[in-house]
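As structure tokens, the structure follows; a few thoughts come after it.
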Amino acid sequence: MTHPKRRLVLGSACLLAFIAPACSDDDDTSGADTDVTVAVGEPSAAGLTISGNTFSAASVVANTEFPIVNNDGVGHTVTDDGGAFDVAVGGGATEPLTIPEPGTYRIHCEIHSSMQGTITVT
């Protein structure tokens, strides 16, 4: 049986792991990137989701429109590193994107430089 104090400490640590990133200040001018971003989650044929200043991993079909869903309260861009596309998505908004050529596209956000991810197009 787990001791009640031990559960409280573990529960508090888990809660802090989720709350602390939400308290970051996007207006940090110290020169250090405060946003932490990696491609996470399972690939989704439904499109690309932005949440918590991260891109979901996305796997989509070439020449098929898919949604970019921004669950954050601030705007982001989905910008291809090679210049193939650049889509601005307002906070809480959804924008469409169609990528005509199969391949792996490295993406980033022009507003939050540490946001990076990948879209796989088949």
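Position 1 is the first residue of the sequence, and the numbers go up from there.
Interatomic distance, N70 CG to H76 NE2, rounded to the nearest 0.5 Å: 4.5 Å. Atom CD1 in I119 sits 4.5 Å away from atom CZ in F66 (nearest 0.5 Å). One distance of note links CD1 of I107 with CD of Q116; it measures 9.5 Å at 0.5 Å rounding. In this structure, CD1 on I68 lies 7.5 Å from CZ on F85, to the nearest 0.5 angstrom.
For A62, the side chain to side chain contact (heavy atoms under 4.5 Å, CB included) partners two or more places apart in sequence, or in a different chain, are P102, V121. For T94, the side chain to side chain contact (heavy atoms under 4.5 Å, CB included) test picks out P67, V69, with sequence neighbours left out.
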Would you sort out whether L48 and F55 count as a side-chain contact (heavy atoms from CB on, under 4.5 Å), showing the intermediate values? CA-CA 7 Å; L48 178 70; F55 296 111; 4.0 Å; yes
Does the side-chain contact (heavy atoms from CB on, under 4.5 Å) test come out yes or no for H108 and D80, once each step is laid out? CA-CA 7 Å; H108 65 277; D80 174 51; over 6 Å; no
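Looking at every heavy atom in both residues, T54 comes nearest to M115 through N-CE, 3.9 Å. Across E65 and T98, no two heavy atoms sit closer than the pair CA-OG1, 3.2 Å.
For the residue pair T77/T79, the side-chain donor-acceptor check at 3.5 Å is satisfied.
Put simply, the side chain of T118 never gets that close to the backbone of R106: no donor and acceptor are under 3.5 Å apart. With hydrogens and angles disregarded, no donor-acceptor distance shorter than 3.5 Å links the side chain of T120 to the backbone of S59. Side-chain atoms of D72 come within 3.5 Å of backbone atoms of N53 as a donor-acceptor pair (strictly under, hydrogens ignored).
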